[in-house]
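Below is one structure, written out as structure tokens, with a few remarks after it.
FYI, the numbering just counts along the sequence from 1. Predicted, not measured: the structure shown is a model, and the values here were computed from it.
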Amino acid sequence: MSDRQLIDHDTLLTLQEVMEDDFGRLIETYLNDSEDRLSAMQKALASGDGEALRRAAHSFKGSCSNIGAQTLVAHCQHIEQAAANNQLTGLETTLVTLQGEFAQVRHQLIIYQ
């Protein structure tokens, strides 16, 4: 697993200050929802449903942005734009990369729970 930073910790610290006692629940919800969104993206890509893929990528992009995971945001933007243009060929690799980096983000978020 890589040691590179995939999360803007200043963003997380600001969220922690604002959310106070609910911050742990926010992180838990993000992690659980992210698993669902990644699964939805995988299913949409496998079935060739560009619109469902676009929606799932857009939703995941917003969640990742909220916690400061800008690398994940960039991957989601790429998938969202390609899916909007129904250019699904080659997105399998991007989705695998996204899933791998999400696993690293999950690991980095452990300190906040």
[X] [atom1] to [Y] [atom2] distance, which is reported to the nearest 0.5 Å:
X: F60; Y: D33; atom1: CZ; atom2: CG; value: 10.0 Å
X: M19; Y: I27; atom1: CE; atom2: CD1; value: 9.0 Å
X: C76; Y: H58; atom1: SG; atom2: NE2; value: 10.5 Å

Stepwise side-chain contact (heavy atoms from CB on, under 4.5 Å) check, Q42 with Q99: CA-CA 10 Å; Q42 195 168 27; Q99 290 168 324; 3.7 Å; yes
hydrophobic_cluster_shared for L88 and V96, side chain cutoff 4.5 Å: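 They do not share one cluster, since no chain of ILVMFWY contacts under 4.5 Å joins V96 to L88.
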Show the numbers, then the answer: is there a side-chain contact (heavy atoms from CB on, under 4.5 Å) between T97 and F102? CA-CA 8 Å; T97 300; F102 171 72; over 6 Å; no
If you take all heavy atoms of A83 and R54, which pair is closest and at what distance?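 Smallest heavy-atom distance, with atoms named: CB-N, 3.7 Å.
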Which heavy atom in M41 sits nearest to a heavy atom in A56, and how many Å separate them?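 Smallest interatomic distance, heavy atoms only, reads CG-CB, 3.4 Å.
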Do [X] and [Y] touch side chain to side chain, with heavy atoms closer than 4.5 Å?
X: L109; Y: I67; value: yes
X: D8; Y: Q70; value: no
X: C64; Y: Y30; value: yes
X: L91; Y: H78; value: yes

Checking the side chain of [X] only, and the main-chain atoms of [Y] only, is there a donor and an acceptor separated by less than 3.5 Å?
X: T14; Y: D10; value: yes
X: Q108; Y: L6; value: yes
X: S47; Y: A44; value: yes

Verdict with reasoning, R25 to E28, per salt bridge (charged side-chain N to carboxylate O under 4.0 Å, His left out): CA-CA 5 Å; R25 190 172 324 134; E28 183 179 333; over 6 Å; no
Which residue is it: L72, T71, V105? I am looking for the one with a side-chain contact (heavy atoms from CB on, under 4.5 Å) to I7.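 Among L72, T71, V105, the one meeting side-chain contact (heavy atoms from CB on, under 4.5 Å) with I7 is V105.
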Apply side-chain contact (heavy atoms from CB on, under 4.5 Å) to residues F23 and V18 and explain how you reach the verdict. CA-CA 8 Å; F23 182 73; V18 171; over 6 Å; no
Using a strict cut-off of less than 4.0 Å between a Lys/Arg side-chain nitrogen and an Asp/Glu carboxylate oxygen, indicate whether R106 and E35 qualify as a salt bridge.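 Salt bridge flag = yes for E35 with R106.
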